[in-house]
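Scroll down for the structure; my scribbles are underneath it.
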Amino acid sequence: MRDAKTRPAPKAAVILTPGAEKRIAELMAKAPEDAIGVKLSTPRRGCSGLAYSVDYVTEETKFDEKIETPGGTFYIDGASVLYLIGSTMDWVEDDFSAGFVFENPNAKGACGCGESFMV
């Protein structure tokens, strides 16, 4: 008889920095009443093909990845996970702009304005 092997828990597709987690908490603190979390997806947009989109979500979808953060639930669109595996998501603010920033090892290029990426 063979012993069952214990597998480690799978890593999340996207690593959230403390800054990203803090921003998710801020978004959830002022979220619409029916929002259950914040969701990252990669819709087709821009000159390079795919863009990062972060929006409120009101219901869970079967294949979405779900990450519990201290400030609220973060979802990754199931159709986008393959484009995002190994990525890091951060929240960056400076004197002139603020936004989520992605370090994505799957991106093979990006457009000049930085709005979209290709895999």
Side-chain angles (χ1 to χ4, degrees):
M1 189 168 154
R2 201 177 247 201
D3 290 336
K5 292 185 179 183
T6 303
R7 288 190 208 166
K11 287 175 139 179
V14 174
I15 297 164
L16 302 172
T17 67
E21 287 186 352
K22 180 180 176 201
R23 182 61 182 161
I24 290 167
E26 291 168 355
L27 289 169
M28 289 308 297
K30 61 182 180 184
E33 192 174 301
D34 60 344
I36 62 168
V38 176
K39 184 174 183 175
L40 171 62
S41 62
T42 56
R44 296 204 173 279
R45 184 169 60 214
C47 9
S48 291
L50 298 171
Y52 300 104
S53 179
V54 179
D55 302 290
Y56 290 114
V57 63
T58 57
E59 62 184 43
E60 288 189 18
T61 304
K62 184 176 181 180
F63 295 107
D64 287 354
E65 182 168 330
K66 181 177 179 180
I67 302 170
E68 295 294 341
T69 74
T73 306
F74 179 72
Y75 294 89
I76 302 171
D77 176 63
S80 300
V81 169
L82 288 177
Y83 305 125
L84 298 168
I85 291 173
S87 296
T88 299
M89 179 175 160
D90 193 10
W91 177 259
V92 176
E93 291 184 44
D94 63 25
D95 290 342
F96 301 104
S97 65
F100 286 109
V101 175
F102 298 87
E103 187 177 306
N104 185 343
N106 306 298
K108 303 297 182 221
C111 65
C113 67
E115 173 164 327
S116 61
F117 68 99
M118 66 184 107
V119 289

Discussion item. Check the orientation of Phe100 and Trp91. Use parallel for under 30°, tilted for 30 to 60°, and perpendicular for over 60°.
Written reply: perpendicular
Worksheet entry | OG on Ser80 to CD on Glu65, rounded to 0.5 Å | 11.5 Å
Worksheet item: How far apart are the C-alpha atoms of Val38 and Met28, what are their side-chain angles, what is the distance that settles it, and do they pass the side-chain contact (heavy atoms from CB on, under 4.5 Å) test?
Response: CA-CA 8 Å; Val38 176; Met28 289 308 297; 3.7 Å; yes
Worksheet item: Do Val81 and Phe102 sit in the same hydrophobic cluster, where Ile, Leu, Val, Met, Phe, Trp and Tyr count as joined when their side-chain heavy atoms come under 4.5 Å apart?
Response: yes
Worksheet item: Are Ile85 and Val14 connected, step by step, through hydrophobic side chains (Ile, Leu, Val, Met, Phe, Trp, Tyr) whose heavy atoms are closer than 4.5 Å?
Response: yes
Practice prompt. Could you state whether Met89 and Val92 fall into the same hydrophobic cluster, counting links through intermediate Ile, Leu, Val, Met, Phe, Trp or Tyr residues with side-chain heavy atoms under 4.5 angstrom apart?
Written response: no
Fill in: Least distance between heavy atoms, Tyr83 atom then Asn106 atom
O-ND2, 3.3 Å
Worksheet entry | Glu26 atom CD: more than 12 heavy-atom contacts under 6.0 Å | yes
Worksheet item: Quick one: CG on Leu50 to CZ on Arg44, what's the gap to the nearest 0.5 Å?
Response: 5.0 Å
Worksheet entry | Test log, rule side-chain contact (heavy atoms from CB on, under 4.5 Å), inputs Thr73 and Ile36 | CA-CA 7 Å; Thr73 306; Ile36 62 168; over 6 Å; no
Worksheet item: Under the side chain to side chain donor-acceptor pair (under 3.5 Å) criterion, do Asn104 and Ser87 qualify, and how do the steps go?
Response: CA-CA 4 Å; Asn104 185 343; Ser87 296; 3.2 Å; yes
Worksheet entry | Rounded distance [0.5 Å steps], CZ in Phe74 versus OG1 in Thr69 | 9.0 Å
Practice prompt. Check whether any side-chain heavy atom of Asp34 lies under 4.5 Å from a side-chain heavy atom of Glu59, and answer yes or no.
Written response: no
Response to the item:
When every non-hydrogen atom of Gly78 is compared with those of Asp64, the smallest separation belongs to N-OD1, 2.9 Å
Discussion item. To the closest 0.5 Å, what do you measure between NZ (Lys22) and OG1 (Thr17)?
Written reply: 11.0 Å
Worksheet item: With hydrophobic residues grouped by side-chain heavy-atom distances under 4.5 Å, do Val54 and Leu84 end up in a single group?
Response: yes
Worksheet item: Can you tell me how far CG of Asp55 sits from OH of Tyr75, rounded to the nearest 0.5 angstrom?
Response: 14.5 Å
Worksheet item: When you look at Glu68 and Lys66, which way does the salt bridge (Lys or Arg N to Asp or Glu O under 4.0 Å) test go after all the steps?
Response: CA-CA 7 Å; Glu68 295 294 341; Lys66 181 177 179 180; 3.7 Å; yes
Discussion item. Quick check against the 3.5 Å criterion: does Tyr56 have a side-chain atom that pairs as donor or acceptor with the backbone of Leu27?
Written reply: yes
Practice prompt. Treating Ile, Leu, Val, Met, Phe, Trp and Tyr as nodes and any side-chain heavy-atom pair under 4.5 angstrom as an edge, say whether Leu40 and Ile67 lie in one connected cluster.
Written response: yes
